[in-house]
Amino acid sequence: MSGAMDKRSLRSRLRLHRALRDLMVDTPPDSISVEALARHAGVTRQTFYAHYSGIPQLIEEHLDTMLDEIAARHRATFRDADAAVDPDRLRQLMASVFADLDPDDPRLIALLNGAVGTEPETRFGALLERFLAEGDPEGSAALAPGAQAMHARFFAAGFVGVLRHWVALGPGRPDPELMAERLADLCLYGRKGLCPFT
């Protein structure tokens, strides 16, 4: 019975996420009521509250899902790599992330704009700090206290800033692969290093 319950629970959550995305096209998240969301999703208010304490938690879950997916891709991309950063692998990882993000998803736009109290740079920073520690444990241990967190926050702010810029460009935005390649090169080489674009 728990398998059937889990499937029903997952279906309800997916319906709520789709409904939130639909409603946010025209309405900011803080103007959407739980009642309107539940009605649009075809579930009861009780079903909503069985899973979430409020709409901000639903948006946070969307961010958590994105971060979990990035972490899984990072593990898969660098599983057999040595401690040195491989530029091609970094470009591959970033390209896969950019390619699968929907820049017109109103939930992503709300997250990037800090809606409902989310702080994407902080959350991405914590994830990147983990990547740095896992990828180069000896180098990370040699850093002064707080330096690892500062490095991670620097790159997280760069990633989120570029993502914000890309989303804001609208329909004429550059190809996701090009954005990912440029961001990877900036992270690896800086503005005047070996970066191949001008």
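Residue pairs meeting the side-chain hydrogen bond (donor to acceptor under 3.5 Å, both in side chains) criterion with at least one partner in residues 152-162, sequence neighbours excluded, are E129-R153.
Contact detail for A95 and E177: the closest heavy-atom pair is CB-CG, 4.2 Å. Across I55 and V34, no two heavy atoms sit closer than the pair CD1-N, 4.1 Å. The heavy-atom pair separating H62 from L111 by the smallest distance is CD2-CD1, 3.7 Å. Listed here is the closest heavy atom pair of V97 and R73: N-NH1, 3.7 Å. Heavy atoms only, all atoms of each residue included: A110 and P29 are closest at CB-CG, 4.4 Å. Shortest non-hydrogen contact noted between P174 and W166 is O-NE1, 2.9 Å.
Of the possible polar contacts, one joining the S96 side chain to the L93 backbone as a donor-acceptor pair under 3.5 Å is found. With hydrogens and angles disregarded, a donor-acceptor distance shorter than 3.5 Å links the side chain of Q57 to the backbone of S53.
Using a 30° and 60° split on the angle between ring planes, H74 and F131 fall in the parallel class, below 30°.
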Could you go step by step and tell me if L108 and D102 meet the side-chain contact (heavy atoms from CB on, under 4.5 Å) rule? CA-CA 8 Å; L108 175 62; D102 177 358; over 6 Å; no

Could you go through the side-chain contact (heavy atoms from CB on, under 4.5 Å) check for T65 and E69 one step at a time? CA-CA 6 Å; T65 300; E69 180 60 28; 5.7 Å; no

side-chain contact (heavy atoms from CB on, under 4.5 Å) between L101 and L163: does it pass, once the steps are laid out? CA-CA 10 Å; L101 286 174; L163 190 55; 3.6 Å; yes

With side-chain contact (heavy atoms from CB on, under 4.5 Å) as the criterion, how do L20 and H40 come out once you've worked through the C-alpha distance, each side chain's angles and the decisive distance to 0.1 Å? CA-CA 8 Å; L20 181 63; H40 192 83; over 6 Å; no

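Here D175 pairs with nothing under the side chain to side chain donor-acceptor pair (under 3.5 Å) rule; sequence neighbours left out.
Classification of R11 and D6 as a salt-bridged pair fails, no side-chain N sitting under 4.0 Å from a carboxylate O. Here R173 pairs with D104 in a salt bridge; the nearest charged N to carboxylate O distance falls below 4.0 Å. Ion pair R91/D88 flagged as a salt bridge, since at least one NZ, NE, NH1 or NH2 atom sits closer than 4.0 Å to an Asp/Glu carboxylate oxygen. Under a 4.0 Å N-O distance rule, the pair R107/E61 does not qualify as a salt bridge. Salt bridge E121/R164: present, at least one basic N to carboxylate O contact under 4.0 Å.
Side-chain contact between L14 and L10 is present, with at least one heavy-atom pair separated by less than 4.5 Å. The shortest distance between side-chain heavy atoms of F98 and V162 falls below 4.5 Å. Between E35 and F48 there is no side-chain heavy-atom pair separated by less than 4.5 Å.
A continuous path of hydrophobic side-chain contacts links F154 to L128 [ILVMFWY only; heavy atoms under 4.5 Å]. With hydrophobic clusters built from ILVMFWY side chains whose heavy atoms lie under 4.5 angstrom apart, Y49 shares a cluster with L58.
In this structure, CD1 in I70 is found 5.5 Å from CE in M66, a value given to the nearest 0.5 Å. A distance of 5.0 Å separates CD1 in I32 from CG in L23, rounded to the nearest 0.5 Å. Between atom CG of residue D22 and atom CE of residue M24 there is a gap of 11.0 Å, rounded to the nearest 0.5 Å.
Remark: the T47 side chain and the T44 side chain contain an N/O donor-acceptor pair separated by less than 3.5 Å.
A centroid separation of 6.0 Å or more is found between the aromatic rings of F159 and F155.
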